[in-house]
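Reading through the structure tokens given below for one structure.
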Amino acid sequence: MKLTRRDFLLKGSAMIATLGLGGGLFYNHFGKSVFTAKKEFSADDSILVVVQLNGGNDGINTLIPYGQGVYYDERPTLAYKQNEVLALDHQVGLHPSLAGMAALYKLGKLAIIQGVGYPKPDHSHFRSMEIWQTAVPETISHSGWLARYVETSLARYDNPLKAIQIGNAASKAFSSDTLNFPVIQTLESYQLMDPKTAMMEKNRILRAFQDMYQADGQLEQLRVTSARGRDAYQSVEAIHALSANYVNKIEYPNSGFARDLQLVSKLLAGGAGTRVFQVQLGGFDDHADEKEQHARVLKQLDEGLTAFYKDMETQGIQDRVAVMIFSEFGRRVRENGSGGTDHGTAAPMFVLGGSVKGGLYGGYPSLTQLDNGDLKYEVDFRTVYGTLIDKWLKGDAAGVLGKSYEKLTFI
Amino acid sequence: MDGGERMAGAWSEKEVIHLLNRAAFGAGSKEVAACLVLGREETVRRLVAGEALVEGIPPLQTLEAVKADGSKALDPAQLADQQLYWLYRMAYSPAPLIEKMTLFWHGHFATAYYKVKDVSLMVKQNELFRQHALGSFKELVLAVGQDPAMMIWLDVNKNKKGKPNENYAREVMELFTLGIGQYTEQDVKEAARAFTGWTYNKAEGTVSFAPKQHDDERKTLLGESGKLDAGGAIDIIFHQKALTQFLAAKLLTFFAVDQPPQAWVVKVADTIAAKSTIGEVLYDLMVSDEFYDPALQMALIKTPAEYTAGIVKQCQLPPVKGYVQAMRKMGQELYMPPDVAGWRGGLTWLGTSSLLARYQFAETVAKQMKAALLTSAPFQPQNKDQAEQWAALWSRNLGIAKLSSPTLKSLSAYTNDTIVHTTNKNPGLRGLLHLLLISPEAQMK
């Protein structure tokens, strides 16, 4: 069944209401409408797109402290010369690959929060990423910060597409005991059955599928798998109904990252009421031969974001969308012997959007007052999260983060 | 518990299917019959020894002899062809536990082609895992440190005296042997110095030790001091109590149960400490009654490799290049783990996209399976008018020990409509196969 967005909102409202909201609902609840467009979302709601850079982005060669001689002393082969850096002021500038972001900075659309980290930094990729994703540095937590935002601040909405992850892997930021958020690789592959299969056969199989995957009478061992299958079935229906609205006016570069951002744009065009998206970009673990590799992935980042921002402008929603960019840690100040850098600590975060107050926030960490070769952080990442939850998403920041943090002024 | 007392030494079809799902790549009906005769100890002994369970299974063909998609020769220099060949081995090897452990080590010492960029080195590493699959863990760790693919992957090659690169030193302790929290940042720095000096010469394809690049000064690692080299550092790491528990938890999570209880971890850790090979550890585990606890049966999610190889084997499918693509979409591309920590496993296999990829693969297989096999005697129930009999027989043929009541009801209704009461049964037979492969049961092991 192909639905237009209008059909979807009118006829499909009961179906969407059952999506992803726990096991007991399913098609036997079809027809019980708890979904009304008015209550569900408004066209003015703010949207957060989180971009996760995997591997530990070298913050020092991203926001480059070209005004300090010690940068050149510590980075004999990796340093960029003053005339190569895209200067933001007399002290710092962006990596030469970040031309699009530098232009957005000049337009006042890009905020850069310098020296972001957390106490007692962990140098393991997995632990540090988990700390950023759970926003709980002290202990092992099973719940993600974005999941907690949805649980605490969007609980009154029944929309199952409140948060969507794009890419191959689910992030712990969305980990929740009660909710399962869709992870979409591509729209084309987001199908339960081959679109070419004959309609009668397809309907038979899908009906039998729903019967097999019903919650009632399920074996204990199959309970979770069965719920995951129901989620998959229902989100396929919803996503295809919603993404049909997108009109492609912007050319995106040919990279997986750009395609993922374009998918965010397609889903936004459908007006699904999604408030949080996450997209990932990998390849930042530059222990060796960093110069070429880092330039290449930063270029992908820059070109993808630039196209996405243009697309938002074309759709007239650039003021409703903010993009937050982070990585699990930065890297050591001193380069290693392999033309690379080893795992470090604090690094800049970026927030991009039409309503963002661009500029530099926080101070650049000292390159000489180090903690065992590592930068000391200036801003706790939960300050940035808290600012976005409170001032941008209008949610319950203290509820998500366990306490109140100072609010920054980039929003 | 699955009702009733657990019988010590129980060995029925259920236990056999459970063992073959965990220790091999699913159960075919011939194997189940053979194992029932062999008994629990002998079946496990053969699996560990790499001896065939069924008489007269043909030996594996070499890569050069295998044809993909019916006629295409495989090219050993192509990653996709090596991926397909390994999938073929998983499905058809007479020594499936060795392939299973090779896959375990591939996830444990996760090394990915995207950085190594040399197919032959990835295959060489795979052979190393296969050779040591059920052998001594310490010998394997020592060998991995001088494996060219690993040396490229974790920058061992670049770790030199005075210019240490910590990548390998950290991951050896965090991911390969001890686990996070069992060492300090200083230990990472000291271990990196101990590992200096090993180089891989790409042009000549040789690994050698360059004394001039080795830091021969004194180091202190995990509380022990000395002029440590790589072997010395590994010796110290193998003195740590955390090591056996770390490995025990990982083996249990892979073979037995999600989040294994601490008492079981300690028990297996003690076995690891007492025995000299992983094969002996797995033998003890797989003959134990705990391993066959009914609550554990069908309670783990199959990895995409297990799901795919199992279907290839049970449906007797020839190697098809598309299967490798399908596995990538399911979230597991061989020789391409996502990062140094390997595949996360568990529920991450059931993200929406990954699950949809399984469903799509199942549909392809149901359409491609040979009609002759679908209508062959092993797929014909005694009483063809009984829809439940179709469901029961076919699920057994596909290595599913038990159907839940929603699945049994749904399959019976479908079979009634499309097979029992229909003259042209072919679409119904394919539909039944499709449904069984996408059932919740088929995702589990």
Side-chain angles (χ1 to χ4, degrees), chain A residues 54-55 122-127 165 167-170 180-186 189-194 197 201 204-205 207-226 228-229 231-232 235-236 282-283 285 287-289 336-340 342-343 372, chain B residues 114 154-155 157-160 162-167 170 174-175 180-181 185 188 295-299 301 329 331 338-341 344 347-348 350-357 359-360 363-364 367 402 404-407 409-411 413-414 417-418 427 431 434-435 438-441 443-444:
Chain A
N54 295 322
D122 200 297
H123 290 77
S124 151
H125 289 293
F126 316 101
R127 181 59 193 143
Q165 312 178 65
N168 298 325
N180 170 31
F181 300 101
V183 184
I184 306 178
Q185 277 171 348
T186 68
S189 63
Y190 210 67
Q191 305 276 1
L192 207 98
M193 284 184 73
D194 185 345
T197 299
E201 179 58 11
R204 265 193 179 136
I205 296 282
R207 195 186 154 74
F209 176 91
Q210 294 177 65
D211 288 339
M212 289 197 294
Y213 275 83
Q214 65 172 292
D216 293 342
Q218 209 49 265
L219 288 172
E220 177 57 27
Q221 290 100 312
L222 300 179
R223 214 172 34 79
V224 175
T225 301
S226 165
R228 289 300 174 96
D231 287 352
S235 78
V236 165
D285 195 13
H287 286 280
D289 308 325
N336 64 20
S338 335
D342 289 323
H343 302 181
N372 206 8
Chain B
Y114 65 73
L154 291 181
D155 304 312
N157 229 15
K158 306 198 161 157
N159 184 23
K160 292 173 186 165
K163 295 193 283 183
N165 186 307
E166 294 169 12
N167 204 6
R170 177 185 306 281
E174 177 181 338
L175 299 170
I180 196 163
E185 283 301 307
V188 172
L296 303 188
Q297 297 183 22
M298 225 158 68
I301 297 155
K329 291 179 191 157
D339 53 41
V340 270
R344 303 301 187 270
L347 266 183
T348 63
L350 298 185
T352 357
S353 291
S354 315
L355 205 43
L356 293 174
Y359 299 157
Q360 291 163 10
E363 184 176 5
T364 309
K367 285 177 177 166
K402 181 177 178 175
S404 69
S405 75
T407 300
K409 261 165 71 184
S410 169
L411 295 178
Y414 179 85
D417 285 355
T418 63
H434 181 186
L435 284 169
I438 65 176
S439 67
E441 288 83 347
Q443 316 312 316
M444 311 303 288

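Each chain gets a letter, A, B and so on, in the order its sequence line appears, and its residues count up from 1.
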Please rank B:Thr348, B:Val188, B:Ile180 by heavy-atom pairs under 4.5 Å with chain A and give me the top one. B:Ile180
What part of B:Ala413 gets closer than 4.5 Å to chain A, counting heavy atoms only: side chain, backbone, both or neither? neither
For side-chain hydrogen bond (donor to acceptor under 3.5 Å, both in side chains), just list the numbers for B:Asp155 and A:Ser338, CA-CA rounded to whole Å, side-chain angles, deciding distance to a tenth of an Å, and then say yes or no. CA-CA 8 Å; B:Asp155 304 312; A:Ser338 335; over 6 Å; no
Which answer fits B:Leu347, side chain, backbone, both or neither, if we ask what part of it has an atom under 4.5 Å from a heavy atom of chain A? both
A:Tyr213 versus B:Ser439, closest heavy-atom pair with distance: OH-C, 3.5 Å
Part of A:Ala170 within contact of chain B (heavy atom distance under 4.5 Å): neither
Is B:Leu154 in contact with chain A via its backbone, its side chain, both, or neither, using a 4.5 Å heavy-atom distance? neither
d(A:Met193 CE, B:Ile438 CD1) to nearest 0.5 Å is 7.0 Å
Out of B:Arg344, B:Gln443, B:Met298, B:Lys409, return the one with the most heavy atom pairs under 4.5 angstrom to chain A. B:Met298
My understanding is that only residues two or more places apart in sequence, or in another chain, count here; which of them pass side chain to side chain donor-acceptor pair (under 3.5 Å) with B:Glu185? B:Arg170
Heavy-atom donor-acceptor pair, A:Gln221 side chain to B:Gln297 backbone, under 3.5 Å: yes
With a 4.5 angstrom heavy-atom cut-off, is it the side chain or the backbone of B:Leu435 that approaches chain A, or both, or neither? both
For B:Ser410 and A:Ala208, indicate whether the former's side chain and the latter's backbone hold a donor-acceptor pair under 3.5 Å. yes
Which residues pass the ring pair (Phe, Tyr, Trp, His ring centres under 6.0 Å) test with A:His287, not counting sequence neighbours? A:His343
Non-hydrogen atoms of chain B under 4.5 Å away: do they reach the side chain of A:Glu201, the backbone, both or neither? side chain
Between the side chain of B:Gln360 and the main-chain N/O of A:Ser189, is any donor-acceptor distance below 3.5 Å? yes
B:Thr352 side chain to A:Val183 backbone, donor-acceptor under 3.5 Å: yes
Is it the case that the side chain of B:Glu174 and the backbone of A:Ser124 share a donor-acceptor pair, with hydrogens and angles ignored and the cut-off at 3.5 Å? no
Heavy-atom pairs under 4.5 Å with chain B, option from A:Asp194, A:Asp122, A:Asn336, A:Thr186 with the top count: A:Asp194
